[in-house]
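Here's the structure we're looking at; comments come further down.
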Amino acid sequence: MEIFEYAPAPESRAIVSIRPSYDLFIDGEFVEAKSDERIVTVNPADEEPLAEVAAAGDADVERAFAAARRAYERVWSALPGAERGKYLFRIARIIQERARELAVLESLDNGKPIKETRDVDLPLVAAHFFYYAGWADKLAHAGTAGTRPLGVAAQVIPWNFPLLMLAWKVAPALATGNTVVLKPAETTPLTALAFAEICQEAGLPPGVVNIVTGAGDTGRAVVAHPEADKIAFTGSTEVGRQIARAVAGTDKRLTLELGGKGANIVYDDAAIDQAVEGIVTGIFFNQGHVCCAGSRLLVQESIAEELLERLRARISLLRLGDPLDKNTDIGAINSAAQLARIRELTLAGESEGATGWSPACPLPERGYWFPPTVFTGVTQAHRIAREEIFGPVLSVLTFRTPDEAVAKANNTPYGLSAGVWTEKGSLMLWTASRLRAGVVWSNTFNVFDPASPFGGYKESGYGREGGRHGLEAYLG
Amino acid sequence: MPDTLPGSLRAYLHGLPGVDEVGVRRRAADLATRSVKTRAKRSAIDLAIRMVDLTTLEGADTPGKVRALAAKAVRPDPADPTAPSVAALCVYPDMVATAARALAGTGVGLASVATGFPAGRTSLEVKLSDTRAAVAAGATEIDMVIDRGAFLAGDYRKVFDEIVAVKESCGDAHLKVILETGELVTYDNVRRASWLALRAGADFIKTSTGKVAPAATLPVTLVMLEAVRDYRAATGRQVGVKPAGGIRTTKDAIRYLVLVKEIAGDDWLDPAWFRLGASTLLNDLLMQRTKLTTGHYSGPDYYTID
């Protein structure tokens, strides 16, 4: 009798049609870039090129801002909130209708498993547009300091949740009456370009959303543009610092959502099986390409051995491989550059004396892959406990008392997320109120909702996205 | 044999790690998205058929009904002799003799509910004689119910001692202990009742009688699978799990097999260690099995109504 094993269950990519080449989306049209520089985006699971996109130059960025300014002054800022809301509701519905196509496209361009794009990314993208659509005609009641839009928002987003980060940026900006120039990440431009088509399909007035693809130079031109009234950036702390320096002394508004080194604190009375799930979700969700990942496990020493034994058994069940297979839990690393960084930091972990462990896990021959990895024997001084790895690598530290747990959790330049696992309510509240992190998850991890504000302390950035608080960043 | 336990059962059971309700539901929902197609589906369907405890537990049960169901248990698909037999037939104690004659020499097990099923509201003496009578009539497996009232009142010792006593009166018959999780309600209770039954010597732990809603659910079964996994790791003794009630479609059955595979492990993917208590499920499994072979569905009239 054959043992019950999962057969390959690939989602068909036939639902997606990728053009060989894409132009920029400016003033409601796809227009040829004035810059003749092009970049190629590849499928990280097999390194095959997917499409070529324009790398927008200064002149292209100029055109995008001119279109955004025109749309802001002539149409969008004067439109009643209820009318803006209608466009956003329409966009949200089209996203739902095209969800499967967008999920496949996102998995192809990013490398993340279809299970996540289908069940997490796309539902959240639509939910974000629905949520902010509802606010568009209620801004006077949102409790924000101002109720007037700022103007043109320059938005630069990362590659880890390409369409979701677009939604986090575009939905509140449009709901509040701002127009947008958005630059998607150079390795993941395709869903943003599909979103441009959705804007056309929704009949969004030209110039309200402009999408300029490109790499670092394009991003710099976008955030440095004098017409930008507001800059919203999600990405590395290093680039965030450069932006903050460039904006200093101007009257531009700025929100930064940067790196993290989230602590996941497990007390000895935790619901241990669910804590193990939470640890796995915390660090292996989206291959650990998550700014709020629970990359530092702080476990009470008295249960460390038992917890790690269960954790290793659980990690051994993770299925790594074809991102389009519906049973894949861990997909590909997004780029060769990111893979090199993960390798560099894990080598540093070994050489500094921590012990790495990965399950027996064959990696595909082509593409960018890294096995789920757990480091034990990690101390606060190790680089893998301090620097953001942004990959499927967990650093395990132990603590003896609640005070020590909180002290270690806060002992980082970052402060984006944390998780706490205990069945004791008073200890949960005691701990959560002392953690210097923008999000503290109680007996869960990496759960998102458009109604919940998200953002960091310290070097994880400032400003909040999501929820009522997310409106504040776009109103003056 | 029952384990020796520390003096306070309460301290022991309440010292087990808690179960986070949101987390366990999320894990079960996540595993329910596993995609089982083509050859995986084929092997899952045959395995599921071999795990079925084909059940009739009605006041209206007659010898004729039981004989008919026994025939179906042995040869579920008259049109296709390659369809495997089910694991066991499950009946009320007074039907055991009839069922035993019908199943003699077939290799299909004979399970009898006992101990005042389904409520269990009777004296220990009656429960034990109920059990002994079923075994004497030919039952190879006994499905007992725990005293939920005693459990909820905190009288864990009474529940424990009763399981031990029933186990003794089972002789060689395997003992399945029904927790009736729909009446225990919380996952913490399910975990505690599971460990109580495991420590008392159960050969199987079973979710439900099928007479109380909700019957088997994925999260409850997940918690019970964690218990038998951890119990084997602690003691070396392997115990089976049987969700029963409400499992009606092939899709449901496959979701349970996914749980078994990813929570307890491949060692439990065997009728000796996992059963599905069901009645209408079998025909859906057969229909899906035929569909995989022929490429089309045939109507319900092609499957026996017994």
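Lettering of chains follows the sequences in order, A, B, ..., and the numbering in each one begins at 1.
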Answer with side chain, backbone, both or neither: which region of [X] has an atom nearer than 4.5 Å to a non-hydrogen atom of chain A?
{"X": "Val19(B)", "value": "both"}
{"X": "Val223(B)", "value": "neither"}
{"X": "Glu226(B)", "value": "side chain"}
{"X": "Ser35(B)", "value": "both"}
{"X": "Leu269(B)", "value": "side chain"}

Kindly give the heavy-atom pair with the smallest separation between Arg34(B) and Asn327(A), and that separation in Å.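 Taking Arg34(B) first and Asn327(A) second, the nearest heavy atoms are NH1-O, 2.8 Å.
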List the atom of Thr38(B), the atom of Ala7(A), and the distance in Å for their closest heavy-atom pair. OG1-CB, 3.4 Å
Residue pair [X] / [Y], side-chain heavy-atom distance below 4.5 Å:
{"X": "Thr281(A)", "Y": "Arg27(B)", "result": "no"}
{"X": "Arg229(B)", "Y": "Arg310(A)", "result": "yes"}
{"X": "Gln274(A)", "Y": "Glu21(B)", "result": "no"}

Contact winner vs chain B - Lys115(A), Lys326(A), Arg314(A), heavy-atom pairs under 4.5 Å: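 Top option by heavy-atom pairs under 4.5 Å: Arg314(A).
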Chain B contacts, top residue of Ile303(A), Ile272(A), Asp273(A), Asp268(A) (heavy-atom pairs, under 4.5 Å): Asp273(A)
For each of Thr33(B), Val22(B), Leu16(B), tally heavy-atom pairs with chain A at distances under 4.5 Å, and name the one with the top tally. Thr33(B)
Output the option from Asp30(B), Val36(B), Val258(B) having the highest count of non-hydrogen pairs under 4.5 Å with chain A. Val258(B)
Could you tell me the separation between the CG atom of Asp270(B) and the CZ atom of Phe4(A), rounded to the nearest 0.5 Å?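 One gets 14.5 Å once the value is rounded to the nearest 0.5 Å.
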What's the spacing between Arg39(B) CZ and Glu5(A) CD if we round to 0.5 Å?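 CD of Glu5(A) is found 9.0 Å from CZ of Arg39(B).
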For Glu277(A) and Asp20(B), run side-chain contact (heavy atoms from CB on, under 4.5 Å): C-alpha distance rounded to whole Å, both residues' side-chain angles, the deciding distance at 0.1 Å, then the answer. CA-CA 11 Å; Glu277(A) 283 310 308; Asp20(B) 184 76; over 6 Å; no
Look only at the side chain of Glu423(A) and the backbone of Gly18(B), and say whether a donor-acceptor pair between them is shorter than 3.5 Å.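 A pair under 3.5 Å: no.
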Using a cut-off of 6.0 Å, state whether more than 12 heavy atoms not belonging to Glu404(A) lie near its atom CD. yes
Heavy-atom cut-off 4.5 Å, strictly under: side chain, backbone, both or neither for Asp119(A) against chain B? side chain
Honestly, the part of Ala270(A) sitting under 4.5 Å from a heavy atom of chain B is backbone
